[in-house]
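Computed from a predicted structure; not experimentally measured.
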Amino acid sequence: MEGRAYANPVSGPRFKTLPGAALDGTASTFQFAGEDHTLGNALRYVVMKNERVEFCGYSIPHPSEPFMNLRIQTYAYGNADMPATAPRNKEEEEVGPYTAITALEKGLDDLLAMAQHIRTTFIDEAEAIIGAGSDMETG
């Protein structure tokens, strides 16, 4: 996983895994190009909501560089420190530990779902207000 880059065909690599990941995949640092505190803080918040995540933090290495680094550490199965409420089942234990990339993917999916819900709710309310305003004008 070290140094693996995911290319954006329009502007080059936008995401890569930095060197220094745990051998079992439970800890990794990811670098996002062209991102800042807006994505960093939101993604950190959503990833930390996952009970299988032990730590998640982000940093902007330098204000003049367009990079945001996100560090994720997950609980390995069988870890005594893992919260008792964290979901566990036999199938996942056989596959291996819950990896940082899995936590990142879930965090991105959850953040997208939240943004879509906010957008839909906003549009519905705006249409209701606009519709109520036109009823007042004709009435």
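For residues 98-116, the pairs satisfying salt bridge (charged side-chain N to carboxylate O under 4.0 Å, His left out) are Lys106-Asp110, with sequence neighbours left out.
Rounding to the nearest 0.5 Å gives a distance of 13.5 Å between NZ of Lys16 and CZ of Phe30. Expressed to the nearest 0.5 Å, how far CD of Glu51 lies from OG1 of Thr74 amounts to 14.0 Å.
Asn69 pairs by the side-chain contact (heavy atoms from CB on, under 4.5 Å) definition with Leu18, Thr29, Gln31, Ser59, Pro61, not counting sequence neighbours. Applying the side-chain contact (heavy atoms from CB on, under 4.5 Å) rule to His62 yields the partners Ser64, Glu65; only residues at least two apart in sequence or on another chain are considered. Listed by chain and number, the residues in a side-chain contact (heavy atoms from CB on, under 4.5 Å) with Ile118 amount to none (sequence neighbours excluded). With sequence neighbours left out, Ala22 forms a side-chain contact (heavy atoms from CB on, under 4.5 Å) with Asp24, Thr26, Ala27.
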With a 3.5 Å cut-off and sequence neighbours excluded, list the donor-acceptor pairs that the side chains of residues 42-49 form with protein atoms.
residue	atom	partner	partner atom	Å
Arg44	NE	Asn41	OD1	3.4
Arg44	NH2	Asn41	OD1	3.2

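Note on Leu108 and Val53: same hydrophobic cluster, where clusters join Ile, Leu, Val, Met, Phe, Trp and Tyr whose side-chain heavy atoms are under 4.5 Å apart, directly or indirectly. If you chain together hydrophobic residues whose side chains sit under 4.5 Å apart, Phe67 and Leu104 never meet in one group. Linking ILVMFWY side-chain heavy atoms closer than 4.5 Å, directly or via other members, places Leu70 and Met114 in a single hydrophobic cluster.
When all heavy atoms of Ile72 and Ala103 are compared, the pair lying nearest together is CG2-CB, 4.0 Å. Between Ala21 and Ser28 the shortest heavy-atom distance is CB-OG, 3.4 Å.
Looking only at side-chain heavy atoms (C-beta outward), Tyr58 and His37 come within less than 4.5 Å of each other. With a 4.5 Å cut-off on side-chain heavy atoms, Leu111 and Leu39 count as touching.
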